[in-house]
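Here's the structure, in structure tokens; my notes come after.
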Amino acid sequence: VSAEAEVRRARHQDWPAVQALLREVDELHARLAPTYFRASERAEAEWQRLLADPAAAAWVALAPAGSAGARPPVGFLSLHVYDTPADPAMVPRRRGHVETLVVAARQRRRGIGRALLQTAAAWARGQGAVEMVLSTWAGNGEADAFYERLGYRVLTRVLHAAL
Ligand SMILES: CC(C)(COP(=O)(O)OP(=O)(O)OC[C@H]1O[C@@H](n2cnc3c(N)ncnc32)[C@H](O)[C@@H]1OP(=O)(O)O)[C@@H](O)C(=O)NCCC(=O)NCCS
């Protein structure tokens with residue numbers, strides 16, 4: 001099934017489809033962490049900044065071939081390349097940080113998330129990154145299962161306490 005997922009770099013005109021995908025992940029995060037997130041309209045200016053950022057890259061996955069008519073983006077991934085800051089206590093390494101990954105709810109479990117993440121990882125490697133890093137919110141079992149399956153392991157834990 002994963003062979004059917006077509007991934008390409010995001011283009012400016014993908015914005016309406018990407019905006020709808022961001023709403024899905026924003027609504028999920030608002031459910032999981034309502035003291036941090038609320039679903040609100042994402043601004044196109046943010047999209048333009050992302051596409052223009054030389055340290056960032058974004059991809060969309062197109063609906064599998066065979067679906068009727070056009071093939072709108074049904075998955076989205078954005079990534080930033082980060083270098084360790086100049087801190088003598090830290091090992092200098094370049095990493096790829098996945099900022100957002102989302103597949104439309106109706107299109108999940110078809111290999112689209114995997115195809116997006118593999119494409120982003122290969123690109124980051126080409127930029128000199130030696131590791132991929134990302135964070136998930138507690139309670140996001142779907143994402144945990146997905147990343148675990150793809151070989152990702154817990155690196156750190158963030159603790160909090162209400163005041
Ligand atoms: C996480 C997410 C991107 C996965 O996308 P996807 O296209 O469904 O993932 P894939 O089909 O490529 O899954 C690859 C493998 O991961 C595992 N996996 C994926 N989703 C799973 C789930 N809900 N439960 C258990 N295993 C899962 C499976 O092993 C799967 O292979 P299989 O379907 O052959 O068993 C998608 O669930 C999503 O968009 N979730 C909401 C947004 C989100 O949480 N984003 C990530 C955190 S910011």
Side-chain angles (χ1 to χ4, degrees), residues 1-11 14-44 46-47 49-51 53 55-82 95-127 129 131-160:
V1 179
S2 54
E4 292 175 17
E6 182 188 332
V7 172
R8 63 158 170 77
R9 286 292 285 268
R11 300 174 187 148
D14 294 325
W15 175 237
V18 170
Q19 194 179 30
L21 290 165
L22 291 175
R23 175 159 280 274
E24 286 197 40
V25 73
D26 285 347
E27 284 173 357
L28 170 69
H29 284 144
R31 282 198 302 280
L32 293 174
T35 58
Y36 280 81
F37 298 113
R38 53 188 182 189
S40 72
E41 193 85 343
R42 296 278 196 141
E44 191 167 357
E46 188 189 341
W47 180 237
R49 271 197 302 279
L50 174 69
L51 294 183
D53 185 342
W59 293 264
V60 294
L62 304 181
S67 53
R71 302 179 66 193
V74 293
F76 171 70
L77 186 153
S78 63
L79 174 134
H80 274 84
V81 170
Y82 285 114
R95 298 185 174 85
H97 286 228
V98 178
E99 310 290 350
T100 301
L101 170 59
V102 57
V103 172
R106 290 182 322 281
Q107 301 283 349
R108 291 181 193 162
R109 302 303 295 268
R110 296 179 182 185
I112 294 172
R114 182 197 296 264
L116 280 163
L117 192 58
Q118 286 177 346
T119 299
W123 183 84
R125 203 178 298 118
Q127 301 293 308
E131 188 176 31
M132 295 282 276
V133 188
L134 58 95
S135 58
T136 64
W137 286 82
N140 192 350
E142 266 193 318
D144 289 343
F146 169 77
Y147 287 120
E148 167 90 21
R149 178 75 180 82
L150 292 180
Y152 286 67
R153 299 294 177 259
V154 175
L155 176 65
T156 181
R157 296 189 306 136
V158 176
L159 309 186
H160 73 124

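Every number for a ligand or one of its atoms is a count from 1 in the order of the listing.
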Could you check if a side-chain atom of [X] sits within less than 4.5 angstrom of a side-chain atom of [Y], using non-hydrogen atoms only?
X    : Y    : answer
L117 : F146 : yes
L28  : F37  : no
V18  : R42  : no
L101 : Y147 : yes
E46  : W15  : no

Under-4.0 Å protein heavy-atom contact, atom 34 (O) of ligand 1: no
Any donor-acceptor N/O pair, R153 side chain to E148 backbone, under 3.5 Å: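 At least one qualifying donor-acceptor pair exists.
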Short side-chain to backbone donor-acceptor contact, E24 and A105, under 3.5 Å: yes
Using distance alone, decide if ligand 1 has a nitrogen or oxygen within less than 3.5 Å of any nitrogen or oxygen in [X].
X    : value
L101 : yes
Y147 : no
A115 : no
G111 : yes
V102 : no
T136 : no

Write out the residue and atom name of the closest protein heavy atom to [atom], then the distance separating them to 0.1 Å.
atom                    : value
atom 44 (O) of ligand 1 : N140 ND2, 2.7 Å
atom 39 (O) of ligand 1 : V103 N, 2.8 Å
atom 12 (O) of ligand 1 : R114 N, 2.8 Å
atom 26 (N) of ligand 1 : A145 CB, 3.4 Å
atom 7 (O) of ligand 1  : G113 N, 2.8 Å
atom 4 (C) of ligand 1  : F146 CD1, 3.6 Å

Selection from E142, E148, R109 by shortest heavy-atom distance to atom 30 (C) of ligand 1: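 Nearest option to atom 30 (C) of ligand 1, by heavy atoms: R109.
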Of the backbone atoms (N, CA, C, O) and the side-chain heavy atoms from C-beta on, which set of [X] has a member under 4.0 Å from an atom of ligand 1: side chain, backbone, both, or neither?
X    : value
R108 : both
L150 : neither
R110 : backbone

Parallel, tilted or perpendicular: ring planes of Y36 versus W137, cut at 30 and 60 degrees: tilted
For V74, the option from V103, L62, L21, I112 that meets side-chain contact (heavy atoms from CB on, under 4.5 Å):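 Among V103, L62, L21, I112, the one that satisfies the side-chain contact (heavy atoms from CB on, under 4.5 Å) with V74 is I112.
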Atom of F76, atom of L116 and distance for their closest heavy-atom approach: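 That closest heavy-atom pairing would be N-CD1, 3.6 Å.
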Note: R23-E27 ion pair, threshold 4.0 Å (strictly below):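 Yes, R23 and E27 are salt-bridged.
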Where ligand 1 meets I112 - atom numbers and elements under 4.0 angstrom, heavy-atom basis: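 Answer for ligand 1: 7 (O), 12 (O).
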